[in-house]
Amino acid sequence: GENVEQHPSTLSVQEGDSAVIKCTYSDSASNYFPWYKQELGKRPQLIIDIRSNVGEKKDQRIAVTLNKTAKHFSLHITETQPEDSAVYFCAASGGSSNTGKLIFGQGTTLQVKP
Amino acid sequence: DSGVTQTPKHLITATGQRVTLRCSPRSGDLSVYWYQQSLDQGLQFLIQYYNGEERAKGNILERFSAQQFPDLHSELNLSSLELGDSALYFCASSVGWGDGNTIYFGEGSWLTVV
């Protein structure tokens with residue numbers, strides 16, 4: 001069935017360093033890949049997304065890359081700041097079912113040390 | 001504020017009981033999704049409705065049911081509650097159905113079963 005794997009589960013970096021989170025998906029028909037940031041006890045918030053006709057997208061310190069052939073996509077955060085500390089979830093659209101539902105990865109807890 | 005409204009925010013109930021969680025989507029959104037997030041767990045897709053009709057079903061237990069009403073609000077009914085049902089239940093909405101629609105999450109309903 002549809003599955004999204006996310007790595008690493010935890011990531012600790014020094015302030016100012018870069019952070020990279022990687023995801024792979026199983027349904028080759030998936031064509032929409034959003035990333036959500038969730039602070040403790042809060043709702044997931046969309047931070048960036050990419051569609052299958054684009055290989056890379058950047059928004060200030062955040063970038064996402066997509067490799068459809070390998071079925072993986074990554075989140076890159078540069079010049080990390082303490083306020084970037086949160087849980088990050090990757091997701092893939094439902095793919096073959098084309099309903100729009102998102103299948104999420106297991107999440108990555110990012111800790112940025114001052 | 002995402003515009004997705006969920007009530008109640010917190011709920012404590014006993015095992016064997018039944019509860020109803022309510023969600024109002026963003027103005028203009030026709031799709032509603034329900035997700036379950038247990039402690040230290042990712043976001044598990046439960047069910048999706050579009051304009052009153054069920055569109056997709058995930059790992060939703062038979063003890064759980066949902067519906068979307070003509071005014072587009074949705075309710076998630078959880079019955080014969082067990083301790084393991086304690087979780088944060090998120091409602092999300094999007095304008096349409098189909099891959100690529102941006103999905104916005106509500107603040108969630110914290111359910112504690114004692």
Side-chain angles (χ1 to χ4, degrees), chain A residues 1-10 21 23 25 27-54 57 59 66 68 73 86-109, chain B residues 1-6 9-10 23 25-26 29-51 53-60 66 68 87-112:
Chain A
E2 303 150 334
N3 189 45
V4 176
E5 295 288 333
Q6 183 172 346
H7 299 281
S9 57
T10 60
I21 303 171
C23 290
Y25 58 98
D27 192 332
S28 57
S30 292
N31 58 16
Y32 175 63
F33 309 91
W35 286 86
Y36 285 80
K37 175 183 179 182
Q38 186 181 28
E39 297 177 357
L40 191 61
K42 303 287 187 179
R43 65 183 174 90
Q45 290 189 274
L46 179 70
I47 57 172
I48 195 168
D49 57 14
I50 191 167
R51 299 172 198 275
S52 60
N53 58 345
V54 175
K57 184 177 178 180
D59 182 4
L66 171 65
K68 283 219 75 179
F73 56 113
V87 180
Y88 291 81
F89 289 96
C90 64
S93 61
S96 304
S97 62
N98 193 31
T99 66
K101 72 176 190 285
L102 295 177
I103 304 301
F104 285 85
Q106 298 89 335
T108 296
T109 300
Chain B
D1 183 8
S2 66
V4 180
T5 304
Q6 290 187 245
K9 288 185 168 45
H10 300 273
C23 169
R26 294 188 325 147
D29 284 2
L30 299 178
S31 270
V32 169
Y33 311 78
W34 285 97
Y35 284 85
Q36 179 193 54
Q37 187 174 40
S38 302
L39 193 64
D40 295 331
Q41 294 293 313
L43 293 151
Q44 300 297 316
F45 170 71
L46 295 178
I47 199 162
Q48 175 196 4
Y49 282 84
Y50 174 77
N51 204 21
E53 293 190 7
E54 182 183 305
R55 272 293 171 187
K57 215 166 188 178
N59 299 320
I60 187 167
Q68 186 180 27
L88 182 53
Y89 290 85
F90 284 108
C91 172
S93 72
S94 64
V95 170
W97 67 277
D99 298 342
N101 279 278
T102 300
I103 294 177
Y104 298 90
F105 282 79
E107 297 294 336
S109 291
W110 283 95
L111 172 65
T112 301

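Atom set for the values below is all heavy atoms of this structure, side chains included, hydrogens, waters and symmetry mates excluded. What you see is a predicted model; the values in this text were computed from it and never measured.
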Next on the checklist: Test side-chain contact (heavy atoms from CB on, under 4.5 Å) on E2(A) and F45(B); report intermediate values, then the result.
Outcome noted: CA-CA 11 Å; E2(A) 303 150 334; F45(B) 170 71; over 6 Å; no
Checklist entry - What pair of heavy atoms forms the shortest contact from G106(B) to R43(A), and how long is it? => result O-CB, 2.9 Å
Checklist outcome for this item: Of V4(B), T102(B), L88(B), the largest count of non-hydrogen pairs under 4.5 angstrom with chain A goes to T102(B)
Item to check | Under 4.5 Å from a heavy atom of chain A, the part of Q48(B) involved | outcome: side chain
Checklist outcome for this item: Whatever's closer than 4.5 Å to a heavy atom in chain B on P34(A) counts as neither
Checklist entry - Does atom CG of N51(B) have more than 12 heavy-atom neighbours, drawn from other residues, nucleotides or ligands, at distances under 6.0 Å? => result yes
Item to check | Interchain contact, Y35(B) with chain A, by part (heavy-atom threshold 4.5 Å) | outcome: side chain
Item to check | Interchain contact, F33(A) with chain B, by part (heavy-atom threshold 4.5 Å) | outcome: neither
Item to check | Distance-minimising heavy-atom pair for Y33(B) and K101(A) | outcome: CE2-CA, 3.7 Å
Item to check | Considering all heavy atoms, the nearest P44(A)-L43(B) contact | outcome: CG-CD1, 4.0 Å
Next on the checklist: At a 4.5 Å cut-off on heavy atoms, which part of Q45(A) comes close to chain B: side chain, backbone, both, or neither?
Outcome noted: neither
Next on the checklist: Do Q37(B) and F89(A) make a side-chain contact, defined as non-hydrogen atoms from C-beta onward lying under 4.5 Å apart?
Outcome noted: yes
